[in-house]
Amino acid sequence: MSDGINIHRLFERETFDLIILNIPLKDVSAMELAVYITQHTDSALIVTAPQKNCDDVYQRISHTGAYVLPKPFSKNILIQTIRFVITARSKMLDLESERRNLETRLKDIKQINRAKCVLIQYLRISEADAHRQIQKRAMDQHITELEVAKDILKTYET
């Protein structure tokens, strides 16, 4: 698909570890396509650009995380670049997964803390006692503290 026709549909149907975008393109703006690829896919992106345009291309797409490779380049440079970009992509995907897990955990902690506050308010107990109640109930019922917290919130906040 060197001309860019239907490229957006291709990215909706397929996933790629690496995309090499060789500019200039005939039918689409390479800069817009680079932004689209980095915003709508998890693919690593290498943009190959003529040496004379490299600085301009880099300035326009540096915020996307795409790697700009000046043309012409040797086979060894291309292989090194691909290895580097794939490694960086892998690290970024790991970090994104960790971020999502931490967000979920933080959300869970907030719900548990809200349930403690409800217990403190309605039962007039200390925070330590509220915490112990949630822990004990979770152990006794073989459920998570989050499930206990959701039950408490459902009971007292409805």
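Please read all numbers here as calculations on a predicted model, not as lab measurements.
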Run the side-chain contact (heavy atoms from CB on, under 4.5 Å) test on Val47 and Leu69 for me, step by step, so that the C-alpha distance in whole Å, both residues' side-chain angles and the decisive distance to 0.1 Å come before the verdict. CA-CA 6 Å; Val47 177; Leu69 181 63; over 6 Å; no

Is Ile125 reachable from Tyr156 through a run of hydrophobic residues whose side-chain heavy atoms are each under 4.5 Å from the next? yes

What distance separates Lys150 NZ from Ile112 CD1, expressed to the nearest 0.5 Å? 10.0 Å

So how far is it from Asn101 CG to Leu106 CG, rounded to the nearest 0.5 Å? 12.5 Å

To the nearest 0.5 Å, what is the distance between CD1 on Ile37 and CZ on Phe11? 4.0 Å

Measuring only between side-chain heavy atoms, which start at C-beta, is Leu123 closer than 4.5 Å to Val118? no

Is it the case that atom CZ in Arg83 sees more than 12 heavy atoms from other parts of the structure closer than 6.0 Å? no

Strictly below 4.0 Å, N to O, side chains only: are Lys91 and Asp94 in salt-bridge contact? no

So do Lys71 and Gln51 actually touch side chain to side chain, heavy atoms under 4.5 Å? no

Below 4.5 Å, heavy atoms only, C-beta onward: do Thr41 and Phe16 meet side chain to side chain? no

Would you say Arg114's side chain and Leu153's backbone share a donor-acceptor pair under 3.5 angstrom? no

Could you measure the distance from the OG1 atom of Thr48 to the CG atom of Leu78? Nearest 0.5 Å is fine. 9.0 Å

Drop me the distance from Met92's CE to Ser97's OG, to the nearest 0.5 angstrom. 12.5 Å

Taking only residues at least two apart or on different chains, which pairs with a member in residues 54-64 satisfy side chain to side chain donor-acceptor pair (under 3.5 Å)? none

Between atom CG of Asn113 and atom CD1 of Ile134, what is the distance when rounded to the nearest 0.5 Å? 8.0 Å

Do the charged groups of Arg99 and Glu103 touch, with an N to O distance under 4.0 Å? yes

Which residue is it: Gln133, Arg132, His131? I am looking for the one with a side-chain hydrogen bond (donor to acceptor under 3.5 Å, both in side chains) to Asp129. Arg132

Tell me, do Ile152 and Leu119 make a side-chain contact under 4.5 Å, heavy atoms counted? yes

Kindly give the heavy-atom pair with the smallest separation between Cys54 and Ala49, and that separation in Å. SG-O, 3.8 Å

Above 12 or not: heavy atoms from other molecules or residues under 6.0 Å from NZ of Lys136? no

Any donor-acceptor pair under 3.5 Å linking the side chain of Arg89 with the backbone of Leu18? no

Below 4.5 Å, heavy atoms only, C-beta onward: do Thr144 and Glu147 meet side chain to side chain? yes

Tyr67 vs Thr81 side-chain heavy atoms within contact, under 4.5 Å: yes

Backbone of Arg100 reached by a side-chain donor or acceptor of Thr104 within 3.5 Å: yes

Given the rule that I, L, V, M, F, W and Y join up when any side-chain heavy atoms are under 4.5 Å apart, are Phe73 and Val85 in one cluster? yes

So with a 6.0 Å cut-off around CZ of Arg124, is the heavy-atom count from everything else above 12? no

Any chance CZ of Phe84 has more than 12 other-residue heavy atoms, nucleotides or ligands included, within less than 6.0 Å? no

Can you name the closest pair of heavy atoms from Ala66 and Ile61 and give their distance? CB-CD1, 3.9 Å

Do the side chains of Val57 and Ile19 join up, straight or via other hydrophobic residues, at under 4.5 Å, putting them in one cluster? yes

Let me check something: do Val68 and Ile82 share a hydrophobic cluster, defined by ILVMFWY side-chain heavy atoms less than 4.5 Å apart, either directly or through other members? no

Mind checking whether Ile46 and Leu21 have side chains closer than 4.5 Å, heavy atoms only? no

Taking the side chain as C-beta and beyond, is there a heavy-atom pair between Pro50 and Asn53 under 4.5 Å? yes

